[in-house]
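Below is one structure, written out as structure tokens, with a few remarks after it.
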Amino acid sequence: MTHRSTALVTGASAGFGLALARSLIGRGWRVIGTARRVDRLAGVSSELGEAFLAVPGDITDPAHRAELAEVSSEFGHLDLLVNNASSLGPSPMPRLANYPLDQLELVYRTNVIAPLAVLQFALPLLDPDGVVVNISSDAGVEPYPDWGGYGSSKAALDQLTAILAAEHPELSIYAFDPGDMRTEMHQAAFPDDDISDRPEPETVVPALLRLLEQRPKNGRYTAADFAAGVGR
């Protein structure tokens with residue numbers, strides 16, 4: 001039987017996750033996609049056909065993660081896990097001195113705890129040459145005012161990714177910063193700004209695909225590291 005590459009992508013109903021799912025399926029992959037918005041995910045399933053398996057739900061919900069684990073195990077293996085689902089937090093974003101702590105906990109549950117929980121059930125399913133990509137942000141590196149909730153959660157995700165990579169050297173485990181993109185989340189971060197100058201997610205996907213093809217050493221990378229014509 002021919003091996004069909006299988007990916008699990010969270011946050012697959014819009015933005016970068018949707019663009020990546022489209023691209024992988026265009027290359028013959030099967031994609032298990034999850035997102036909270038049932039209607040949007042159903043639309044993606046209609047567009048992409050049988051190669052896209054929609055599993056709607058909230059990635060912070062343990063029951064939904066158990067369903068994802070069951071669906072993933074039915075295929076017997078995973079070649080790629082992309083933890084793309086993220087929460088920006090309140091918009092406009094508050095400064096840390098005024099940050100509602102219940103909202104901060106939700107940001108961390110979505111951006112840190114959930115990716116680890118997904119990885120925990122995915123690890124036994126990942127093939128020996130499997131790849132894990134946790135979607136990061138420059139806000140996890142640079143101390144931008146007002147970005148304390150989201151930025152600190154991405155910094156935590158970066159460190160979590162680095163430690164997982166050290167603990168599992170047999171796998172390729174990366175933090176990937178796609179940079180600014182024209183997405184709903186980016187618009188929510190700048191509610192009063194025109195973000196039409198930001199690149200569409202589809203233009204950033206090729207950089208991630210080059211990361212998957214080149215398989216550099218485990219670490220944190222940006223889309224610019226794998227821009228067209230740049231080798232590592």
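By convention here, the first residue in the shown sequence is residue 1. Here the structure is a predicted model, which means the values were calculated and not measured.
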Is there a donor-acceptor contact under 3.5 Å from the side chain of [X] to the main chain of [Y]?
{"X": "His77", "Y": "Arg4", "value": "yes"}
{"X": "Arg210", "Y": "Phe226", "value": "yes"}
{"X": "Ser73", "Y": "Ala69", "value": "yes"}
{"X": "Asp79", "Y": "Thr6", "value": "yes"}
{"X": "Asp177", "Y": "Asp138", "value": "yes"}

If you define the side chain from C-beta out and look only at heavy atoms, does anything of [X] sit under 4.5 Å from [Y]?
{"X": "Leu160", "Y": "Pro115", "value": "no"}
{"X": "Ser87", "Y": "Asn111", "value": "yes"}
{"X": "Thr34", "Y": "Leu68", "value": "yes"}
{"X": "Leu212", "Y": "Val133", "value": "yes"}
{"X": "Pro128", "Y": "Glu170", "value": "no"}
{"X": "Leu53", "Y": "Arg30", "value": "no"}
{"X": "Tyr99", "Y": "Val107", "value": "yes"}
{"X": "Ser72", "Y": "Ile32", "value": "yes"}

Nearest non-hydrogen partners of [X] and [Y], listed with the distance:
{"X": "Gly33", "Y": "Ala12", "result": "CA-CB, 3.9 Å"}
{"X": "Pro56", "Y": "Val38", "result": "CB-CG2, 3.9 Å"}
{"X": "Ser13", "Y": "Leu18", "result": "O-CD2, 3.8 Å"}
{"X": "Met93", "Y": "Trp147", "result": "CE-CE2, 3.1 Å"}
{"X": "Asn218", "Y": "His168", "result": "ND2-O, 4.3 Å"}
{"X": "Pro169", "Y": "Ala166", "result": "CD-O, 3.6 Å"}

Grouping I, L, V, M, F, W and Y whenever their side-chain heavy atoms are under 4.5 Å apart, do [X] and [Y] come out in a common cluster?
{"X": "Ile113", "Y": "Leu116", "result": "no"}
{"X": "Leu80", "Y": "Val31", "result": "yes"}
{"X": "Val141", "Y": "Leu88", "result": "no"}
{"X": "Leu41", "Y": "Ile135", "result": "yes"}
{"X": "Phe16", "Y": "Val82", "result": "yes"}

Rounded to the nearest 0.5 Å, how far apart are [atom1] of [X] and [atom2] of [Y]?
{"X": "Asp61", "Y": "Arg36", "atom1": "CG", "atom2": "CZ", "answer": "12.0 Å"}
{"X": "Arg22", "Y": "Glu202", "atom1": "CZ", "atom2": "CD", "answer": "6.0 Å"}
{"X": "Lys217", "Y": "Ile173", "atom1": "NZ", "atom2": "CD1", "answer": "15.5 Å"}
{"X": "Leu81", "Y": "Leu125", "atom1": "CG", "atom2": "CG", "answer": "10.0 Å"}
{"X": "Ser137", "Y": "Lys154", "atom1": "OG", "atom2": "NZ", "answer": "7.0 Å"}
{"X": "Ile59", "Y": "His64", "atom1": "CD1", "atom2": "NE2", "answer": "4.5 Å"}

*Return yes when atom CD of Gln103 has more than 12 non-hydrogen atoms of other residues, nucleotides or ligands closer than 6.0 Å, and no otherwise.*
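Yes, CD of Gln103 has more than 12 neighbouring heavy atoms, counting only those of other groups under 6.0 Å.
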*Under the criterion side chain to side chain contact (heavy atoms under 4.5 Å, CB included), which of Leu126, Val118, Val55 is the partner of Leu8?*
Val118
*Going through the checks in order, is the side chain to side chain contact (heavy atoms under 4.5 Å, CB included) test met by Phe52 and Leu24?*
CA-CA 10 Å; Phe52 184 84; Leu24 290 173; over 6 Å; no
_Angle between ring planes, Tyr221 versus Tyr174, binned at 30° and 60°: parallel, tilted or perpendicular?_
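Perpendicular.
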_Verdict with supporting geometry, Val204 and Leu208, side chain to side chain contact (heavy atoms under 4.5 Å, CB included)_ = CA-CA 7 Å; Val204 182; Leu208 179 54; over 6 Å; no
*asked:* side chain to side chain contact (heavy atoms under 4.5 Å, CB included), that's the test. Do Val132 and Leu164 meet it? Break it down for me.
replied: CA-CA 10 Å; Val132 175; Leu164 283 165; over 6 Å; no
*asked:* Pair Leu209, Ser23 - check side chain to side chain contact (heavy atoms under 4.5 Å, CB included), show working.
replied: CA-CA 9 Å; Leu209 295 178; Ser23 185; 3.2 Å; yes
*Among Asn134, Asp225, Asp158, Thr161, find the residue that satisfies the side-chain hydrogen bond (donor to acceptor under 3.5 Å, both in side chains) test when tested with Arg220.*
Asp158
*Does a side-chain N-to-carboxylate-O contact under 4.0 Å join Arg27 and Glu213?*
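Not counted as a salt bridge, because no side-chain N and carboxylate O are separated by less than 4.0 Å.
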